[in-house]
Number of protein chains: 2
Amino acid sequence: MSQTSAHGPDSGDTTLNLDRQLCFALYATSRAMTKAYQPMLRTLGITYPQYLVLLVLWQWDSEQRDCDLCSVSALGEQLMLDSGTLTPLLKRMEQQGHVSRRRGILDERVTLVQLTDSGRSLRARASSWRSSALESLAVPQHRLADLRKELWFLLDHLQSPPSK
Amino acid sequence: MSQTSAHGPDSGDTTLNLDRQLCFALYATSRAMTKAYQPMLRTLGITYPQYLVLLVLWQWDSEQRDCDLCSVSALGEQLMLDSGTLTPLLKRMEQQGHVSRRRGILDERVTLVQLTDSGRSLRARASSWRSSALESLAVPQHRLADLRKELWFLLDHLQSPPSK
DNA sequence: ACGAGTTAGATTGTGCACAACTTAGTTGTC
DNA sequence: GACAACTAAGTTGTGCACAATCTAACTCGT
């Protein structure tokens, strides 16, 4: 009797209610986060996924030897995106002048992506916007860091389907 | 000297590294979650956003009086989506036979969305898949619930820009 | 009752995501 | 060294997201 009501079987079951769904909390928060980046991205003239590509390339730029460039698949592995998403995105970034693309010499299947000075120049503005945005966000840093760790933990388990 | 290296200013600054970004953790985990739903959604013949619409309508169906139907803007408010996203999505769901759409009688500006028997019938399968998926996910329920709460907390603060 | 202002959806255009497929280059085996 | 198997990008097609704009319907003040 506790599970049913005048509306029929299962209508009293609230486990599928929207505000109980972790999947929706993720979906909504991810989109809200993207929107929070919009004012900055608009001034840089790039989109959010393009910004993520730049994050990888900026890191690559500071860590790697210059002889070792970033391939599309290396980008895809870090961002968990495939060539169907990255190829047109990178073409647009190339047109904007933020990256250059060329085939690998040793292996002509790979496309190497390299930051241009234009792409490199966006980093400082993004970095300073981020630190001021973090400050004005009334959420303590440790809470954001914990959340990030929990997300990675969940992500790891979502990607390793235990026995499905 | 601790902030610079042979590669120039800021190259030692790791605050923009991809694995430090909460925004990317959200983006990646949200997409991974959507992919986890794919096998179930494929058997139901619907997409992930369409599933979210059904979550709202299933809830509406069990809670509301039959005289009070769900408008596009009510759907959009709950899902945080606008008509540009929902209108074509709902048209596809109408073609599939899962919902019906009609103009309001009292106010002809609103479009009322109603579950059909076909749309209602998907609930049981979704519900049972969800509970078994939750079981096979090696993450304790309390951790998922805590994560969900933290996400809503962040979402609230992202949507109320304190003084920007 | 009538026009300014508002509201609800729909429309248009761009850019992801991603499945499925194609093409071209590389590797391993014999 | 030929050829099957594999790999990396690119291509195609569908369906979101979302900004910007449009249109029709409603509200309200006078």
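So that the names make sense, note that chain A is the first sequence line, chain B the second, and so on, each numbered from 1. FYI, side chains are in, hydrogens and waters are out, and symmetry mates aren't considered; it's all heavy atoms of this structure.
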Check every atom of [options] against the side chain of [X] and return the nucleotide holding the closest atom.
| X | options | result |
| --- | --- | --- |
| A:E108 | C:dC16, C:dT26, C:dG9 | C:dT26 |
| B:S83 | C:dA19, C:dT11, D:dA8 | C:dT11 |
| B:V72 | C:dG9, D:dG10, C:dT7 | C:dG9 |
| B:R109 | C:dG25, D:dA24, C:dA10 | D:dA24 |
| A:T87 | C:dG9, D:dA17, D:dA9 | D:dA9 |
| B:T47 | D:dA9, C:dT26, D:dC16 | D:dC16 |
| B:T111 | D:dC26, C:dT26, C:dG9 | C:dG9 |
| B:L81 | D:dG10, C:dC18, D:dC18 | D:dC18 |

Below 4.0 angstrom from OP1 or OP2 of [N], is there any side-chain N or O of [X]?
| X | N | answer |
| --- | --- | --- |
| B:R103 | D:dA25 | no |
| B:Q50 | D:dC16 | yes |
| A:S73 | D:dA9 | yes |
| B:Y27 | C:dA17 | yes |
| A:K91 | D:dT11 | yes |
| A:R101 | D:dA8 | no |
| B:R31 | C:dC18 | yes |
| A:R92 | C:dT14 | no |

- With heavy atoms under 4.0 Å as the rule, sort B:S71 into base, sugar-phosphate or nothing.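 The residue B:S71 makes sugar-phosphate contact but no base contact.
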
- Query: Taking A:Q21 as the fixed residue, which of B:R130, B:M33, B:R148 is the one that meets the side-chain contact (heavy atoms from CB on, under 4.5 Å) rule?
  - Reply: B:R130

